[in-house]
Amino acid sequence: MTVSTNAVTMAIANEDEQTLFYQEQGNEVALFEHAYQHELPVLIKGPTGCGKTRFVSHMAQKLNKPLYTVSCHDDLTAADLVGRHLIGPQGTYWQDGPLTRAVREGGICYLDEIVEARKDTTVVLHPLADDRRVLPLERTGELITAAPGFMLVVSYNPGYQNLLKGMKPSTRQRFVALRFEYPGSDVEQQILIKEGGATPHLAHKLVELAHALRRLEQNDLDEGASTRLLIYAAKMISSGMHPLDVCRSCLAEPLSDDPQTVAALMDVAKIYFDES
């Protein structure tokens, strides 16, 4: 079930949902499980489309916990996280935000791209991310102790950090940190076969192309081709679209707005997918 409310999207996992496929890359599942057992918050850092959100959703299902996902941005306020007073037919009432609901229920609250949120918003996380595990609600006067099973998870892309957007050390050092990278070739091919419906041959070619594009990241691109984009490409090629048309729409155009750069990326794609 997915519910949208203003700036916040709450994704609530339940037992009736289809089990998500997740291809483990290392020991991240065990690390997450041990952090959960010890009631420790987790920070996940890695490039766009490398599987951070999928991993958190997978772990929520594996642990059978409700999952509240918040996509952070510049306009996100503390009230969006903790809740606010609203006016209804019976008068004024308090409505919990996704963070407060997770704290009360013992669920997982996942703040995606936490560095996009304002620093005065993330301060509300501090008492939850240490041994106090409490959430003060100034507007109601409540001091909520996190229910057993509550877990705070945040993520961000280190490549987007700068002096204005970065996690404060006082926030970052409250978390157990996991670093995600793009999967290794064999793992990424298996993901494309499973998630994108690709044949082993197509999966191999797409992964080889992705590696070539990622080598350009330090030169002409802000970021390389993500696993997410490769899945899109695998699905569209597998359904019958011409590979080069797909490479343009799923890889080259999403990676750059500059026509010359897009043309250069397509020259690379033509090495792996000819004109036939």
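Since we're looking at a predicted model, the values are computed, not measured.
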Taking the side chain as everything from C-beta on, heavy atoms only, tell me whether [X] gets closer than 4.5 Å to [Y].
{"X": "V153", "Y": "L111", "answer": "no"}
{"X": "R133", "Y": "T145", "answer": "no"}
{"X": "H211", "Y": "S185", "answer": "yes"}
{"X": "P41", "Y": "V154", "answer": "no"}
{"X": "H126", "Y": "S170", "answer": "yes"}
{"X": "W94", "Y": "D96", "answer": "yes"}
{"X": "V103", "Y": "C109", "answer": "no"}
{"X": "F55", "Y": "I44", "answer": "yes"}

Rounded distance [0.5 Å steps], [atom1] in [X] versus [atom2] in [Y]:
{"X": "L230", "Y": "Y232", "atom1": "CG", "atom2": "OH", "answer": "11.5 Å"}
{"X": "H34", "Y": "N27", "atom1": "NE2", "atom2": "CG", "answer": "9.5 Å"}
{"X": "I237", "Y": "L202", "atom1": "CD1", "atom2": "CG", "answer": "5.0 Å"}
{"X": "I108", "Y": "L152", "atom1": "CD1", "atom2": "CG", "answer": "10.5 Å"}
{"X": "Q23", "Y": "L192", "atom1": "CD", "atom2": "CG", "answer": "11.0 Å"}
{"X": "D186", "Y": "I191", "atom1": "CG", "atom2": "CD1", "answer": "11.0 Å"}

Intermediate values then yes/no, side-chain contact (heavy atoms from CB on, under 4.5 Å), K62 and V29: CA-CA 10 Å; K62 184 176 177 66; V29 170; 3.7 Å; yes
By side-chain contact (heavy atoms from CB on, under 4.5 Å) - contacts of L86 (at least two apart):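 With sequence neighbours excluded, L86 shows a side-chain contact (heavy atoms from CB on, under 4.5 Å) to R84, Y93, Q95, given in chain and number order.
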Residues in side-chain contact (heavy atoms from CB on, under 4.5 Å) contact with L209, at least two apart in sequence or another chain: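 For L209, the residues satisfying side-chain contact (heavy atoms from CB on, under 4.5 Å) (neighbours in sequence not counted) are L213, C247, L251, V268, A269, Y272, F273.
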Does the side chain of [X] come under 3.5 Å of the side chain of [Y] through a donor N or O and an acceptor N or O?
{"X": "Y22", "Y": "E28", "answer": "yes"}
{"X": "D112", "Y": "S155", "answer": "yes"}
{"X": "Y156", "Y": "E116", "answer": "no"}

If every non-hydrogen atom of [X] is compared with every non-hydrogen atom of [Y], which pair is closest and at what distance?
{"X": "E188", "Y": "T227", "value": "OE2-OG1, 2.7 Å"}
{"X": "R179", "Y": "P158", "value": "NH1-CG, 4.4 Å"}
{"X": "L20", "Y": "H58", "value": "O-ND1, 3.8 Å"}
{"X": "F180", "Y": "C50", "value": "CB-SG, 3.7 Å"}
{"X": "P200", "Y": "Q189", "value": "O-OE1, 4.5 Å"}
{"X": "P136", "Y": "P127", "value": "CD-CG, 3.8 Å"}

Could you tell me whether the side chain of [X] and the main chain of [Y] form a donor-acceptor pair under 3.5 Å?
{"X": "K65", "Y": "G106", "answer": "yes"}
{"X": "K52", "Y": "K45", "answer": "no"}
{"X": "R101", "Y": "Y68", "answer": "no"}
{"X": "E39", "Y": "M151", "answer": "no"}
{"X": "H73", "Y": "D75", "answer": "yes"}
{"X": "T261", "Y": "S256", "answer": "no"}
{"X": "S249", "Y": "D245", "answer": "yes"}
{"X": "S238", "Y": "K235", "answer": "no"}

I114/L125 under side-chain contact (heavy atoms from CB on, under 4.5 Å): CA gap, chis, key distance, verdict: CA-CA 11 Å; I114 185 67; L125 305 177; 4.0 Å; yes
In terms of heavy-atom contacts, does [atom1] of [X] have more than 12 from other residues, nucleotides or ligands at under 6.0 Å?
{"X": "D257", "atom1": "CG", "answer": "no"}
{"X": "Q173", "atom1": "CD", "answer": "no"}
{"X": "I271", "atom1": "CD1", "answer": "yes"}
{"X": "Q37", "atom1": "CD", "answer": "yes"}

Criterion side-chain hydrogen bond (donor to acceptor under 3.5 Å, both in side chains) on N157 and T48, from CA distance to verdict: CA-CA 7 Å; N157 182 345; T48 299; 3.2 Å; yes
Audit row: S71, E113, side-chain contact (heavy atoms from CB on, under 4.5 Å) steps and yes/no: CA-CA 7 Å; S71 297; E113 294 298 343; over 6 Å; no
Hydrophobic cluster partners of V134 (side-chain heavy atoms under 4.5 Å):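 Direct or chained contacts put V134 with L143.
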Audit row: L216, L255, side-chain contact (heavy atoms from CB on, under 4.5 Å) steps and yes/no: CA-CA 11 Å; L216 301 175; L255 291 178; over 6 Å; no
Aromatic Y182 / basic R214 pairing, under 6.0 angstrom, 45° off normal: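 Flagged: R214 positioned over aromatic ring of Y182.
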Hydrophobic cluster membership, with links at side-chain heavy-atom distances under 4.5 Å among I/L/V/M/F/W/Y: are [X] and [Y] in one?
{"X": "M241", "Y": "L229", "value": "yes"}
{"X": "L128", "Y": "I144", "value": "yes"}
{"X": "L43", "Y": "V123", "value": "no"}

Any residue meeting salt bridge (charged side-chain N to carboxylate O under 4.0 Å, His left out) with D258, in chain and number order, not counting sequence neighbours: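 Partners of D258 under the salt bridge (charged side-chain N to carboxylate O under 4.0 Å, His left out) test: none.
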Any residue meeting salt bridge (charged side-chain N to carboxylate O under 4.0 Å, His left out) with R118, in chain and number order, not counting sequence neighbours: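 Scan of R118 (salt bridge (charged side-chain N to carboxylate O under 4.0 Å, His left out), adjacent residues dropped) gives D120.
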Residue pairs passing the side-chain hydrogen bond (donor to acceptor under 3.5 Å, both in side chains) test where at least one lies in residues 192-201, sequence neighbours excluded: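 Residue pairs passing side-chain hydrogen bond (donor to acceptor under 3.5 Å, both in side chains), neighbours aside: R54-E195.
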Test log, rule salt bridge (charged side-chain N to carboxylate O under 4.0 Å, His left out), inputs R174 and D130: CA-CA 6 Å; R174 282 174 159 81; D130 57 31; 3.8 Å; yes
